[in-house]
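The next block holds one structure in the form of structure tokens; read it before the comments.
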Amino acid sequence: MDKTFNPHSIEQACYQAWEEKGYFKASGTGEPYCILLPPPNVTGSLHMGHAFQHTIMDALIRYNRMKGNDTLWQCGTDHAGIATQMVVERQLNAKGLTRHDLGREDFVSKIWEWKAESGGTITKQMRRLGTSPDWTREAFTMDDDLSNAVQEVFVQLHEEGLIYRGKRLVNWDPVLHTAVSDLEVLNEEEAGFMWHLRYPLADGSGELVVATTRPETMLGDTAVAVHPEDERYQSLIGKEIKLPLTGRLIPVIADDYVDAEFGTGCVKITPAHDFNDYDMGKRHDLPMINILTDDAKINDNAPEAYRGLDRFDARKQIVADLNAQGVLVKVEDHTLKVPRGDRTGAVIEPYLTDQWYVAVESLAKPAIEAVENGEIKFVPENWSKTYYQWMHNIQDWCISRQLWWGHRIPAWYDDAGNVYVGRSEAEVREKHNIPAPTALRQDEDVLDTWFSSALWPFATMGWPDKTPELDKFVPSSVLVTGFDIIFFWVARMIMMTKKFTGKIPFKEIYITGLIRDENGDKMSKSKGNVLDPIDLIDGIELEPLVTKRTGGMMQPKLAAKIEKNTRKQFPEGINAYGTDALRFTFAAMASTSRDINFDMGRVEGYRNFCNKIWNASRFVLMNTEEFDTGKDCGELSLSLADEWIIDRFQHTVADVTKAMGEYRFDLAAQSIYEFTWNQFCDWYLELSKPVLQSDETTDAEKRGTRHTLINTLEQLLRLAHPIMPFITDTIWQRVAPLTAINATDTSIMVQPFVQFDETKTNAQASGDIEWLKQVIVGVRNIRGEMDIAPSKALDVLLKNVSAEDARRLAATQAVLTKLARLGSVTVLEAGEKGPASATALVGEMEVMIPMAGLIDKAAELARIAKAVDKIEKDMARTQGKLNNQGFVAKAPEAVIAKERDKLADMQMQLSKLEEQKATIEAL
RNA sequence: AGGACUGUAGCUCAGUUGGUUAGAGCGCAUCGUUGACAUCGAUGAGGUCGGCGAUUCGAAUUCGCCCAGUCCUACCA
């Protein structure tokens, strides 16, 4: 083995072997355990959030697989309608073409070509992370079987009247020329203006002033509204306004939606271009005048002067004209929420179009109940509130998109404008008796990508066919995802799966935190603070990192800033930490917190941890390979240390198992870390050395220790494997043959997980070794504080030695002498005082290091004074508690007894300290 | 406006149903290299647990208010 752990040299080979041997497939035996991978966008690449969630999913999958469950991780990608279309369209644009030059059919086949070439980025990256999904079942939402499911769901919902078509106001992205759902619109505050406009009454009897943030929409105004009880405007209700610029007559109406307190109390109403106005228009039966084209230019419903102008140019022109006519009263600065498309960043227009909708109310009801009655549990539980809040206010879902890439809506129109929905044109003709001469054309639109994602839990299992997988893996065990897609995806899956299978899609939903940068800022390309998980695995030099972060930046100023920050934060670039260290970091950070600030320091720490495991293993192998480890037979004599480490390991197994069951990967990681480093490496390996290296220990003792070394390590590797798959399997391949395991042609990943075994715990051995540790630490303490060289052998005296202390001393003296670097150990006779010494207390026993020639009087007095000070403070607190009548009267017996013991112990310590102080002062 | 979350050592975070002498890693200080590991070891310094109040014999932990920060949903033209 190399002297330091080199992740790069082991990872690839390891992964290839696993995949080739088919270890990722469900075994077919045991309890079903299934996780659905939230399908990443096919155009996407692995970001820190993915890496985090995939680590957690893989840890769960590996854990359950090892536990013997029939474990399936269903993976795949989604077709990401808008994103994918944009990627390929951009490639065409680079060649001076648009998708219209190709036509729909050719464009779609271009996308498939692109997918075949570049659609596998993220799955390749997942392999680098060591994830173990069943790649043979990898699904893609545009595959035939999934498309078939999509069509089936659409037709069935339509037959039940749950899908309908209607002309409604939708969120229109004028760059993409498509409707988008509410969830795809981001509302951000931006600086803008409020224009106050004077609208004259038609009869010339007066005027009123309206305020607007979008003056250009006045071309489509069809009313002005006031509050019905607003006294200022009572006389105006029912009168008509002569709308400036257009000259159209529009009514003044009363509606209590209007806030009389806000602005002037008069609101211009543009039903075709504002969601609130739209509702009001419906209430009052107002005409809806659309004034925009698909590109958000002014259309022919507007006066000629403005036709063809872009909406923002039109705004300037209209404001200028209104001003010239004296209509503009004033302009104020005003911050307002501007809706922008999450893909394009374009300002979204409320726009009147024909679209398809899912009526979600009846679907939502069982989906809400499934969470209310506990069938589906959120972890942490709080997220159910977020879920309810949205589900109780759920709006019909606009599912049509004016794109070419996606599942085409299975609806056909005849020339008379009738709509027929069916699985194919033939089916439609047959069902509705439409003869061949009658032309039918299919709807041009496709479905929202999330529509197909919503079917993921059952469509990937073969639905609508009745497959064994549908029985076995629906519901899946747990969904691991971020809170940002509870609405987009989680809620919709619950609705659809309930509807079409009658079952819930998953029993638990583990909501992970969001990975942020070390300052708590969201990682984003425009901030330039993104980290690529692969760069943390492989490392990256500074220059490529800068190029990567600033590449494609449109604003040079921003790029300069990002470059500066990057150079400052990573002057040496990023080290290669390896997959296991990265995964361990993610696990260790997976607490219940909703925000996770990613700290490079921790990755480095866990890389060191990997190295620690590596070197500990190296030590174990050096002492077991080519030695008798008692794997077949041979007498084993276990030392106290052997029994102790076995005991500690059992407790660690119990802790890790509990933590894994509660999705507390941070606690699981911490237990593994603590045991490995602070118990196994710091103590047990040291304790084993005297046994292995001494000529005085018997073969049975040596065999016992070797057996414990190799077997504890072997089990520790299994315990850690779900989190750190590569290093554990690599080491295990060498370790397992030295144990009783049949380790030919296998892998740790298909070995059983370790189980807590109470018969292997040993409280006495545990107590004995803790005693030993205290003695050693006591001596080291004195060494450290007295500045005695570690190499200097010390003669130690023990005072107040009880029978139990004597027993422990006898059992551990050899190791004690070695680990504390002692010259001699002398037990003082009862009543014997001993020379002036620096002293450490272990229970009531005093460990004394005589001062002669070694210890500085003043330093030792200072040390004692410090200890006295600390004990006195604690004593005062405990004394106070015990003096409190209420405490003694009401606290449970056990608690009081504990306080009393504590006090007695402290009193004992204090008197010993005082005694020592007196002795030393007397020198 | 409504809802959720966070505030513990210089930094990143644990702290289970109230009973600890409030912990870990990193960082810091001092010392240390003859083979498991300097990606290391030993020792140490460092916290009025955001603030105020309440409940309780007892609060980092429960409740109320306040301060600071984050996020989500809905929005006023």
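Residue numbers begin at 1 in each chain, while the letters A, B, ... track the order of the sequences.
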ask   = Do A/Lys870 and A/Gln909 meet the criterion of a side-chain donor-acceptor pair at a distance under 3.5 Å?
value = no
Paired with A/Ile269, the side chain to side chain contact (heavy atoms under 4.5 Å, CB included) test is passed by just one of A/Thr217, A/Leu286, A/Val224, namely A/Leu286
Q. Taking the same atom, P, in B/U56 and in B/C26, what whole-Å distance lies between them?
A. 44 Å
What's the gap between B/U12 and B/G7 when it is taken at their C1' atoms, as a whole Å value? 14 Å
_Distance check, P atoms only: B/G19 and B/A1, in whole angstrom units._
38 Å
Could you check whether A/Cys681 gets within reach of a base, just the sugar-phosphate, or nothing at all, counting any heavy atom under 4.0 Å? base
**Study point:** Whole-angstrom distance between B/G64 and B/U30, as gauged at atom C1'
**Key:** 49 Å
### Query
Got a sec: does the NE2 of A/His334 have more than 12 other heavy atoms crowding it under 6.0 Å?
yes
- Are there more than 12 heavy atoms of other residues, nucleotides or ligands under 6.0 Å from atom CZ of A/Arg516? yes
query = Would you say the ring centroid of A/Phe584 lies under 6.0 angstrom from that of A/Phe665?
reply = no
query = Taking the side chain from A/Asn615 and the backbone from A/Lys3, do they hold a donor-acceptor pair closer than 3.5 Å?
reply = yes
So A/His392, base contact, sugar-phosphate only, or nothing? Heavy-atom distance under 4.0 Å. nothing
Result for 5'-nearest mapping on RNA chain B, choosing between A/Lys689 and A/Thr212, is A/Lys689
### Message
Using a 4.0 Å heavy-atom cut-off, does A/Ser617 contact any base of the nucleic acid, only the sugar-phosphate backbone, or nothing at all?
### Response
nothing
Taking the same atom, C1', in B/G46 and in B/C11, what whole-Å distance lies between them? 13 Å
Interatomic distance at P, B/A60 relative to B/G53, whole Å
14 Å
Q | Donor-acceptor side-chain pairing of A/Tyr199 and A/Asp221 below 3.5 angstrom | A | yes
Pair A/Ile10, A/Phe5 - check side-chain contact (heavy atoms from CB on, under 4.5 Å), show working.
CA-CA 9 Å; A/Ile10 63 165; A/Phe5 171 52; 3.6 Å; yes
Go through the steps for A/Leu772 and A/Leu687 under the test side-chain contact (heavy atoms from CB on, under 4.5 Å), then give the verdict. CA-CA 10 Å; A/Leu772 170 68; A/Leu687 291 167; 3.6 Å; yes
Within 45° cone of A/Phe619 ring axis and under 6.0 Å: A/Lys689 NZ or CZ: yes
Winner on side-chain proximity to A/Lys3, out of B/A42, B/C37, B/A77, is B/C37
Can you pull every protein N or O that's under 3.5 Å from an N or O on nucleotides 56-62 of chain B?
{"unit_1": "B/C57", "atom_1": "OP1", "unit_2": "A/Lys890", "atom_2": "NZ", "d": "2.0"}
{"unit_1": "B/C57", "atom_1": "O4'", "unit_2": "A/Gly886", "atom_2": "O", "d": "3.4"}
{"unit_1": "B/C57", "atom_1": "O2'", "unit_2": "A/Asn884", "atom_2": "ND2", "d": "2.7"}

Taking only N/O atoms, report every protein-nucleotides 71-75 of chain B pair under 3.5 Å with atom names and distance.
{"unit_1": "B/C71", "atom_1": "O2'", "unit_2": "A/Arg594", "atom_2": "NH2", "d": "3.0"}
{"unit_1": "B/A74", "atom_1": "N6", "unit_2": "A/Lys337", "atom_2": "NZ", "d": "3.3"}
{"unit_1": "B/C75", "atom_1": "O3'", "unit_2": "A/Asn276", "atom_2": "ND2", "d": "3.4"}
{"unit_1": "B/C75", "atom_1": "N4", "unit_2": "A/Lys337", "atom_2": "NZ", "d": "2.7"}

Separation of B/U12 atom C1' from A/Gln569 atom CD, nearest Å, is 13 Å
Closest to the side chain of A/Lys870, out of B/A36, B/U39, B/U21, is B/U21
Classify the ring geometry between A/Tyr510 and A/Tyr663 as parallel (under 30°), tilted (30 to 60°) or perpendicular (over 60°). parallel
Protein heavy-atom contacts under 4.0 Å, written 5' to 3' over nucleotides 22-31 of chain B as B (base), S (sugar-phosphate only) or - (none), form the string ---S------
What nitrogen or oxygen pairs link the protein and nucleotides 43-45 of chain B at under 3.5 Å?
{"unit_1": "B/U43", "atom_1": "O3'", "unit_2": "A/Asn781", "atom_2": "OD1", "d": "3.4"}
{"unit_1": "B/G44", "atom_1": "OP1", "unit_2": "A/Asn781", "atom_2": "OD1", "d": "3.1"}
{"unit_1": "B/A45", "atom_1": "OP1", "unit_2": "A/Lys866", "atom_2": "NZ", "d": "3.4"}

To the nearest angstrom, the CZ-P distance between A/Arg821 and B/G32 comes to 14 Å
**Message:** Using a 4.0 Å heavy-atom cut-off, does A/Arg214 contact any base of the nucleic acid, only the sugar-phosphate backbone, or nothing at all?
**Reply:** nothing
- Message: Check whether A/Arg607 reaches the backbone of A/Gly578 with its side chain - one donor and one acceptor, N or O, closer than 3.5 Å.
- Response: no
Quiz item: Would you say B/A77 has OP1 or OP2 under 4.0 Å from some side-chain N or O of A/His196?
Solution: no
Which part of the nucleic acid does A/Leu621 contact within heavy-atom distance under 4.0 Å: base, sugar-phosphate only, or nothing? nothing
What's A/Arg607 touching, base or sugar-phosphate or nothing? Going by heavy atoms closer than 4.0 Å. base
>> Donor-acceptor check, side chain of A/Asn575 to backbone of A/Tyr577, threshold 3.5 angstrom: yes or no?
In response: no
Residues 381-392 of chain A vs side-chain hydrogen bond (donor to acceptor under 3.5 Å, both in side chains), sequence neighbours excluded, gives A/Glu381-A/Ser384
Point to revise | Presence of A/Asn623 side-chain N/O under 4.0 Å of B/A36 phosphate oxygens OP1/OP2 | key: no
- prompt: Within the side chain of A/Asp255, is there an N or O that forms a donor-acceptor pair under 3.5 Å with the backbone of A/His227?
  reply: no
The residue among A/Glu189, A/Glu190, A/Glu184, A/Glu188 that forms salt bridge (charged side-chain N to carboxylate O under 4.0 Å, His left out) with A/Arg340 is A/Glu190
To the nearest angstrom, the CD-C1' distance between A/Gln693 and B/G35 comes to 10 Å
Verify, without hydrogens or angle tests, whether A/Ser593 (side chain) and A/Ile596 (backbone) share a donor-acceptor contact under 3.5 angstrom. no
A/Asn597 has its side chain closest, among B/C13, B/A36, B/A77, to B/C13
Out of B/G41, B/U39, B/A4, minimum distance to the side chain of A/Asn611 belongs to B/U39
- Please answer whether the main-chain N or O of A/Phe726 pairs with a side-chain N or O of A/Asp580 as donor and acceptor at a distance below 3.5 Å. yes
Side-chain contact check for A/Lys268: nearest option of B/G35, B/C37, B/A77 is B/A77
**Prompt:** Contact class for A/Glu381 (heavy atom, under 4.0 Å): base, sugar-phosphate, or nothing?
**Reply:** nothing
Here RNA chain B, pairs taken as Watson-Crick or G-U under 3.5 Å and shown with ( ), [ ] when crossing and | when to another strand, reads (((((((..((((.....[...)))).(((((.......))))).....(((((..]....))))))))))))....
*asked:* Tell me if a side-chain donor or acceptor on A/Asn529 pairs with a main-chain N or O of A/Lys522 at a distance below 3.5 Å.
replied: yes
Check your understanding: Across the strands shown, which category fits A/Leu685 at heavy-atom distances under 4.0 angstrom: base, sugar-phosphate, nothing?
Key -> base
Check: Quantified in whole Å, what is the P atom distance between nucleotide B/G18 and nucleotide B/A77?
Finding: 47 Å
Of A/Ala211 and A/Phe609, the one whose nearest nucleotide on RNA chain B sits closer to the 5' end is A/Phe609
In whole Å, what separates the C1' atom of B/C52 from that of B/G41?
47 Å
*Quick one: is B/G15 close enough that its OP1 or OP2 comes under 4.0 Å of any side-chain N or O from A/Arg664?*
yes
